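This report refers to the structure that appears directly beneath it.
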There are 2 protein chains.
Amino acid sequence: MTSTEPRGAQPGAQPEGSAPTGPAVVRPTRQRIAVAEAMASFDDFRSAQEIHDLLGQRGERVGLATVYRSLQRMVEGGEVDLLRTEDGEAIYRRCSDTHHHHLVCRSCGATVEVEGPAVERWTRAMAEEHGFADVSHTLEIFGTCPACR
Amino acid sequence: MTSTEPRGAQPGAQPEGSAPTGPAVVRPTRQRIAVAEAMASFDDFRSAQEIHDLLGQRGERVGLATVYRSLQRMVEGGEVDLLRTEDGEAIYRRCSDTHHHHLVCRSCGATVEVEGPAVERWTRAMAEEHGFADVSHTLEIFGTCPACR
DNA sequence: CAAGGGAATGAGAATCGTTGTCAACTCAGG
DNA sequence: CCTGAGTTGACAACGATTCTCATTCCCTTG
């Protein structure tokens, strides 16, 4: 995960039915499986629309809205990383389950996951020093990879 | 600044006779001054629309598009920091000229600028280790400030 | 194994932040 | 007083994302 805490948490964003916390069950539908498989087929960050296109190329007909919804769930579930390009577009990538950050190539999109206990400690210390609670952070490094130079 | 390198920097923007390749001079118009003053009147991050509203309240009639354009220039000029909320909206704040990061309160938007030589070093080291060049990075810490708890 | 109900889907409309368009305007020089 | 490049504003255009809602699907129960 890029963020320490779940994203997109909006007050009262989801209807509280019978389950205490959001949808209780996630049904493994054809569409969700297709999205999950698509996510497993590449290693860089892609936009929802690109993922939708990829599904189309694979012969899977999945609605764009469904792709967005599936991706949302996967992000909330920590199975997928979400980050924003500099112009605010959301891009996704499957991720390992440990907390980590990314080194992203600006020109080809290649990514490397990096970990930094020191950074984690530093952010926590900073937050504590100023009395902030429920801390999360985002850290991304952009650059030009060796291949693109 | 939040980023290590200038955003949207366009090399070679000199006056070339009649070449229509971008404006060479920035005129200090009433509108631009108004936006600059508005930016000086608060300390947290605000969206372009909020800044536009603020101008309205101050009795300054400035078009929304102009607010966006002014903000853009100020970001490019390094006078203003730009970052993205978790849902991708751009928020702005005037900033000091040193490289720094932010501790942002999720509920009231209050911000604290923090500096961390260690983090700077770490990102540089990481990038170098993987052969990345022209490195920049973004690091923001979100949390709940003491007052909002 | 049929039935029932809530979850999920899809197609398109609706949002909403942001950018583009372009005629009108401003103002420093000549 | 002209002139032209830089600016502005109102509004259209855009693009990503979300919402709506009738229909379809999955799973459990009887």
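Convention: sequence-line order gives letters A, B, ...; per-chain numbering from 1. Note: hydrogens, waters and symmetry copies are ignored here, and every other heavy atom, side chains too, is used. Small disclaimer: the values here were computed from a predicted structure and weren't measured.
- Side-chain N/O atoms of B:T144 and B:R106 include no donor and acceptor closer than 3.5 Å.
- The side chain of B:R32 lies closest to D:dT8, out of C:dT18, C:dA7, D:dT8.
- For A:R73 and C:dA8, the shortest distance from a side-chain N or O to OP1 or OP2 is below 4.0 Å.
- Considering only side-chain atoms of A:Y68, the nucleotide from C:dG17, D:dT8, D:dT17 that sits closest is D:dT17.
- A:R61 comes within 4.0 angstrom of sugar-phosphate atoms only, judged by non-hydrogen atoms across all strands, and of no base.
- When heavy atoms are screened at a 4.0 angstrom cut-off, B:Q72 is found touching the sugar-phosphate backbone but no base atom.
- The side chain of A:P28 approaches D:dC27 more closely than any other nucleotide in the set D:dG9, C:dT19, D:dC27.
- Taking the six-membered ring for Trp and the full ring otherwise, the centers of B:H137 and A:H101 sit at least 6.0 Å from each other.
- Residue B:R30 places none of its side-chain N or O atoms closer than 4.0 Å to OP1 or OP2 of C:dC27.
- Residue B:Q31 places no side-chain N or O under 4.0 Å from the OP1 or OP2 atom of D:dT7.
- Comparing C:dT9, D:dA5, D:dT8 against the side chain of B:R27 picks out D:dA5 as the nearest.
- B:M74 places its CE atom 16 Å from the C1' atom of D:dT7, with the value rounded to the nearest Å.
- Taking only side-chain nitrogens and oxygens, A:Q49 never comes nearer than 4.0 Å to OP1 or OP2 of D:dG15.
- Here the C1' atom of nucleotide D:dC25 and the CD1 atom of A:I33 are 13 Å apart, to the nearest Å.
- To the nearest angstrom, P of C:dT19 lies 9 Å from CG of A:D87.
- Electrostatic pairing of B:R149 and A:D134 does not count as a salt bridge here, judged by no charged N lying under 4.0 Å from a carboxylate O.
- The CG-C1' distance, from A:L82 to D:dT17, rounds to 12 Å in whole Å.
- Relative to the six-membered ring of A:F42, A:R46 meets both conditions, a distance below 6.0 Å and an angle of at most 45° to the axis.
- When the nucleotides D:dG9, C:dA8, C:dT18 are ranked by their closest atom to the side chain of B:V62, D:dG9 comes out on top.
- Atom CG in A:L64 sits roughly 10 Å away from atom C1' in C:dG10 (whole-Å rounding).
- Between the CD atom of A:E86 and the P atom of C:dT19 there is a distance of 13 Å, given to the nearest Å.
- Residue B:T29 places at least one side-chain N or O closer than 4.0 Å to OP1 or OP2 of D:dT8.
- Checked against a 6.0 Å centroid threshold, the rings of A:H102 and A:F142 do not count as neighbours.
- Counting only heavy atoms from C-beta on, A:R69 has its side chain closest to C:dT9 among D:dA10, C:dT9, C:dT18.
- In this model, the phosphate group of D:dG9 is approached by a side-chain N or O of B:T66 to a distance below 4.0 Å at OP1 or OP2.
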